[in-house]
Structures are given as structure tokens and as C-alpha cells.
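These notes concern the structure reproduced below.
Excluded from the calculations below are hydrogen atoms, water molecules and symmetry mates; all remaining heavy atoms, backbone and side chain alike, are included.
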Amino acid sequence: MSVLEGRRACIYTERMAAIENDEPAVIGSMDESEEAPTKNKMTEEKEEEECLLKKLEISVSEAEKRSGKNAMNMQEMYTVYLIETRSIESQNEGQSSATDSLWRRYSEFELQRNYFLVTYPYVIVPPLPEKRAEFVWHKLSADNMDPDFVERRRVGLENFLLRVASHPILCRDKIFYLFLTQENGWKEAVNETGFQAKADSRLKALNATFRVKTPDKRFTDLKHYSDELQSVISHLLRVRARVADRLYGVYKVHGNYGRVFSEWSAIEKEMGDGLQSAGHHMDVYAASVDDILEEEEHYADQLKEYLFYAEALRAVCRKHELLQYELEMAALDLTSKKQQHEELATGVVRTFSLKGVTSKLFGQETPEQRDAKLKALEEQIQEGEEQLKTKNAECNEFVKNAWVDIERFKRQRNQDLKEALINYAIMQISMCKKGIQVWTNAKECFGKM
């Protein structure tokens, strides 16, 4: 391992430890020493029973290519995916439940997810599968209309729906239920929510990132962790793609053994059968790499999901920064108003201002003007205090809800990545055993010559 890779591993471990061990920092009037909101086992079990996935079977069963005109009135090819749902409750009661089905485009999945991001900013919204293939080895097509890619995306879209349907908050959303069950009218319903108008602009979020004065260490650590997670998984996927390229070449070269042994068997009488059989085993070994690498793509897609989860984590952090910035601006504005009121009431100007210079040049205000300004400032201060109280409550509520979902995500992440890596290791072991078996069979063929 290089020094750079070692340093990256250390930073990654530190971020993980910070996320796992720190007490949750909160903003506003809440004490930073308060513990993270947690749910007891009974509450979690109740939420699990109430989730949509316990009531509805959901699958994306097939994909279909279609052609039509786009917004520019130009002909285009696109893919639609068949979503099938069936009631589980009816089956449990012994009744036959009909399967409902409808077709959705990838862009409609994107619209549904964007709605989630705006409506539930404190939730780590599950990511969609990639729109175009990334981190592919050279024999794999990067065309988004390629049948293998479309199939992997179909699996990814089904996984997205299952993630949402098992989420304790997202599964209860009415718009999502319409997405699954109502082909016509869903898009109108989601647009009527006006979520696009509520979306924070990127410039506004970027401004908050750089201007917030007291960032919450807990969310800062989470943001840094998401960056490191994305970097580590990207590097892992690139390594895996390079290994896949070399593995493909090694396996296919074994096909040359098969060809040479077959040619050799033609000129040998006593050894011919043994050489021919050994050549057959080599041909089977060379052809097996296609299935192996196809299975590897499944594990690569599982890692890619968490590559995209890193951006979902950052989205929650950006929203927190924006709320924190708005809270700080409200507090600053209230402080300024109180200072103006004090200066006007006492007649003592503590800071340089254009008003102070104007008063000295053109004389003091009349008592009536002064009283009117004091009254206006008092009203503004009262409004500012109410606004600050509201912003503070909003921030505290966001932190509370966000941290509950972050804890849920951490449990999910640990389980998913552990399972994926173990299964990948098992697959590699199985692949090596098959190679040993091929050469064992070849040895037996040579022994019979």
C-alpha cells in the first residue's frame, strides 16, 4: 500500500469513528450535550409492520424499448419499465389478489425522487441507478440502450422502489403510492404539490456553505465522511474494472490451450483421447468467464448504490447548512435592530453610521419622529424575536429528524456493505475452486494417456 493510500485509509477510518462515536451536535437553543434521538425497539417494530412493503408486493418485472417524439418534436428511442404491485393483505386472508401494473420512464423515477428530496429534506433519500454506465471494463457496453445495461437498471429501479417502500417515512407518502398504482394523473398530482418552487437554489446552498459561522461539527463530519466514502468506493470500482479486464484476458487465453490440445490430439494415437478431453476442459474454463463477470457486475452495482448514497448524505448536510445560515442571519438582524433601538432611546451612538453623521449635520429628529421610529423598531424587534424562535424550532426539528434517519441509514449501510463484500469474496473463492477443478480434470486426462 502506498503512503497516499495509507493516508486515505486512515482518514476514512477517522471519519467513520467520528460518525459512530460523537454525540449529535444540534443548533439553536438545544444543548449540544443532549443525546441523539433514538427509537425504542417497540417503535421500530411498529414502523416495520406499518411500512408499505408489508402490505404490497412491488416489482419492476420487465423493460421495453419504445419510440416517440420528445419535447423538441424529434423522434427518439427510450425505455419504459413495468411496475407490478399486488396486495399482500388479500393473500393473507386467502383471497386471490389481482396484479396491477403500469409503465414508467426513468425520467418519471427522477421526478419522484426530486419530489422526495424537497418534501423530506431531512431524509437520506435512496439513490436511483446510474443513468449511463460508469466504471465499466472494456468488454462491457456503455450504451444506455444496451440490453445488459437496461436489465441492470431494471434491477436498480426495483431496488429503489423497495428501499422507499420499506422506509418508515417515505413509504407513507401519498404521491409515492400514486406513482406505484396510478399511471394517469400521477404527474399532475406531483406537480400540484408545488415542490419545484420550494426547492433551494444551488447558489443559495453554496452561499450558506461558505458563510455559515458556526457549523455543526456533527454534520461537518458527516459531510467529510460522505466525500471519503465516495472517494473510496470510486477507487474500489476502478480497481475492480481493471481486474475484470485482466481476468477476462487470462480466461480467454486458456481457450488457446484447448485449441492446441485438440490439434495435438489429431497426430497422436495413444495420447489422442486424453489430449482431446483436456482441451475440452480448457474450452469450458475459457467460456465460464462471461458468467463470472456478469455476476461481478451485480456486486459492482451494489457498491455503486452507496457511491450515489454519498450525494444523498451531502444533500442533508447542505440543507442543514442552509437552515443554520438562515438562523444566524435572523439572530444578526435581531441584534442589529436592538442596537438601533438602544442608540435611539439613549441618544448614544456606539458605531459609526450615516444616520449619525446626518443627525449632526442637519440637526436632531423631533420627539414625535423619534417616538415613531422607536415604536416601529419595537414592532420589528418583536417580529424578529418570533422569527428567530420559529427558525430555531425549525432547525432543532430538522436535526432531530435527520439524525434519526442517519442512524437508520448507518444500520442499513453496515448490513448491506458487509453482505455484499462477503458474497463477493465467496464468489472469488468459488471461481478459484472451479479453476482448480479444471486443472484437476486435465491432470486426470493426462494420467490416462
Side-chain angles (χ1 to χ4, degrees), residues 10-39 116-125 127 167-169 198-232 306 308-336 384-414:
C10 289
I11 293 173
Y12 178 71
T13 305
E14 289 169 3
R15 298 298 182 204
M16 285 284 289
I19 296 300
E20 298 292 346
N21 299 326
D22 282 0
E23 289 297 322
V26 293
I27 54 184
S29 62
M30 291 179 68
D31 188 349
E32 291 189 2
S33 63
E34 289 184 35
E35 293 184 357
T38 56
K39 294 186 177 181
F116 281 146
L117 288 171
V118 175
T119 309
Y120 306 97
Y122 52 87
V123 168
I124 302 168
V125 181
H167 192 281
I169 295 172
K198 301 173 188 174
D200 300 317
S201 70
R202 294 196 175 189
L203 183 61
K204 189 178 179 182
L206 187 65
N207 181 53
T209 300
F210 288 106
R211 297 186 66 182
V212 67
K213 293 180 179 179
T214 54
D216 189 317
K217 183 180 182 299
R218 191 68 176 173
F219 283 88
T220 301
D221 286 343
L222 183 64
K223 190 176 181 180
H224 290 166
Y225 165 72
S226 67
D227 292 338
E228 294 296 333
L229 178 67
Q230 187 173 42
S231 175
V232 168
Y306 278 87
F308 304 139
Y309 256 125
E311 176 56 31
L313 285 170
R314 283 196 292 270
V316 174
C317 293
R318 284 195 299 268
K319 181 63 178 179
H320 173 266
E321 287 172 341
L322 187 58
L323 289 173
Q324 174 72 13
Y325 177 67
E326 289 175 351
L327 176 63
E328 290 178 358
M329 290 299 101
L332 189 65
D333 183 62
L334 179 60
T335 302
S336 175
E385 287 174 342
E386 288 297 322
Q387 185 182 14
L388 183 62
K389 186 178 178 181
T390 302
K391 290 287 182 185
N392 201 35
E394 185 181 352
C395 287
N396 289 332
E397 185 68 17
F398 178 89
V399 171
K400 177 184 173 183
N401 292 332
W403 216 257
V404 168
D405 202 57
I406 289 165
E407 292 295 336
R408 179 204 60 80
F409 169 78
K410 286 192 285 188
R411 292 192 296 272
Q412 171 195 302
R413 173 207 61 194
N414 294 344

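Taking the six-membered ring for Trp and thresholds of 30 and 60 degrees, Tyr122 and Tyr120 have ring planes more than 60 degrees apart, a perpendicular arrangement. Ring-plane geometry between Phe219 and Phe398 is classed as tilted, the angle between the planes lying from 30 to 60 degrees on a 0 to 90 degree scale.
With sequence neighbours excluded, the residues satisfying ring-ring contact (aromatic ring centres under 6.0 Å, His included) with Tyr309 are Tyr306, Phe409. Under the side-chain hydrogen bond (donor to acceptor under 3.5 Å, both in side chains) criterion, Gln230 pairs with Arg314, not counting sequence neighbours.
Separating the CG atom in Leu117 from the CD atom in Glu311 is a distance of 9.0 Å, to the nearest 0.5 Å. His320 contributes atom NE2, which lies 10.5 Å from atom CG of Leu222 (distance to the nearest 0.5 angstrom). Lys217 contributes atom NZ, which lies 8.5 Å from atom OG1 of Thr220 (distance to the nearest 0.5 angstrom). For the atom pair CZ (Phe116) and CD1 (Ile169), the distance works out to 11.0 Å, reported to the nearest 0.5 Å. With rounding to the nearest 0.5 angstrom, the CG atom of Asn414 is 10.0 Å from the CZ atom of Arg411. Here the straight-line distance linking atom NZ of Lys410 with atom CG of Asp405 works out to 11.5 Å at 0.5 Å rounding.
Of the possible polar contacts, none joining the Asn392 side chain to the Leu388 backbone as a donor-acceptor pair under 3.5 Å is found. With Glu328 contributing its side chain and Lys213 its backbone, the two residues share a donor-acceptor pair below 3.5 Å. When atom types are taken as modelled, the side chain of Thr390 and the backbone of Glu386 share a donor-acceptor pair closer than 3.5 angstrom. Between the side chain of Asp333 and the main chain of Met329, no donor-acceptor pair closer than 3.5 Å is present.
Heavy-atom minimum distance, Gln324 versus Cys395: N-SG, 4.4 Å. Nearest heavy-atom pair across Ile124 and Ala312 is CG2-CB, 3.9 Å.
Using a 4.0 Å cut-off between charged nitrogen and carboxylate oxygen, Lys223 and Asp227 do not count as a salt-bridge pair. Ion pairing between a basic and an acidic side chain is recognised when a charged N comes within 4.0 Å of a carboxylate O; Arg318 and Glu321 show no such pairing.
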